[in-house]
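Below is one structure, written out as structure tokens; the observations come after it.
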Amino acid sequence: MAMMRSHTLIVILLVAAVLTGCTKEPDARQPAPEVPGKTVMATFELMRDFEQSVEVKATGTENVSTIKDLWIIQMAPDGSKLLQAPVYIPNGSVKAQGSDFRIQAELQNLPGKIVFVANTGSSSLYSSLTLASSEADVAAPIKSTPSEAALFNGLGLPMSGTWSGTPSGGNFSGRVGMSRA
């Protein structure tokens, strides 16, 4: 009888230990799942998708592949509408990482297509786009230059790139090849 009580006591203690280890609280070591449609701070690496072969002697050491300012436009996968207002990152806010650039922007955690347009020199170029704007509206603005020399005025050459997927928060969302206009 004493032996049976000690086994029962041991079983009760084991069950109590197991139950105290179980909780419905999320594990603090695990990242919280991302909720679709919420914003996340997404990080992208913008890479040159071309050979830099232009040498500019008139202005010294002008780097034609520098990103001075950047527009980030997040669209539905089919390009039929925007998922949020365009994000503008002004001159000096895009950080170089060697020959590439790393940027962070608050984006919708939804599948889609993201267009990156660099070196527009305009903080208003895409500001009139609405959520009803389409891919055609994004492609419509044209930057004209009076001459080829005007491209080397310190604003950098216009570049663009596209990334498709679902932006995620954390250290890295994706790489984007930037092509010169």
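- Scanning all heavy atoms of the two residues, the minimum distance from A42 to S173 falls at CB-OG, 3.5 Å.
- Without hydrogens or angle criteria, S124 side chain to S127 main chain gives no donor-acceptor distance under 3.5 Å.
- Within the model, atoms OH of Y88 and CG of L70 stand 9.0 Å from one another, a figure rounded to the nearest 0.5 Å.
- Looking only at atom types and distance, the side chain of Q108 has no donor-acceptor partner in the side chain of T39 under 3.5 Å away.
- For the residue pair T166 and P111, the shortest heavy atom distance occurs at OG1-CA, 3.3 Å.
- Nearest approach of P167 to I114, heavy atoms of both residues: CG-CD1, 3.7 Å.
- F116 has its ring centre no less than 6.0 Å from the ring centre of W163.
- Between L82 and S133, the closest side-chain pair of non-hydrogen atoms falls below 4.5 Å.
- Contact record, V176 with T162: CG1-N, 3.9 Å, taken as the closest heavy-atom pair.
- Separation of atoms CD1 (I72) and CD1 (I89) is listed at 3.5 Å; rounding is to 0.5 Å.
- The two atoms that bring M75 and L83 nearest to each other are O-CD1, 3.5 Å, heavy atoms only.
- We find the CD-CG distance between Q84 and L107 to be 5.0 Å, quoted to the nearest 0.5 Å.
- Atom NZ of K81 and atom CG of D137 lie 14.5 Å apart (nearest 0.5 Å).
- Only one option out of V87, V138, V117 pairs with W71 in a side chain to side chain contact (heavy atoms under 4.5 Å, CB included); it is V117.
- Taking CZ from R180 and CG from N119, the interatomic distance works out to 11.0 Å, rounded to the nearest 0.5 Å.
- Between the side chain of N109 and the main chain of S168, no donor-acceptor pair closer than 3.5 Å is present.
- Distance check: I67 CD1 to I103 CD1 gives 8.5 Å after rounding to the nearest 0.5 Å.
- Within 6.0 Å of NZ on K113 lie more than 12 heavy atoms contributed by other residues, nucleotides or ligands.
- The hydrophobic cluster containing M159 does not contain I73, counting ILVMFWY residues as joined when their side-chain heavy atoms lie under 4.5 angstrom apart, directly or transitively.
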TODO: Take T43 and Q104, measure what side-chain hydrogen bond (donor to acceptor under 3.5 Å, both in side chains) needs, and give me the verdict at the end.
DONE: CA-CA 4 Å; T43 302; Q104 285 189 319; 3.1 Å; yes
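- Nearest heavy-atom pair across M41 and E106 is SD-N, 3.8 Å.
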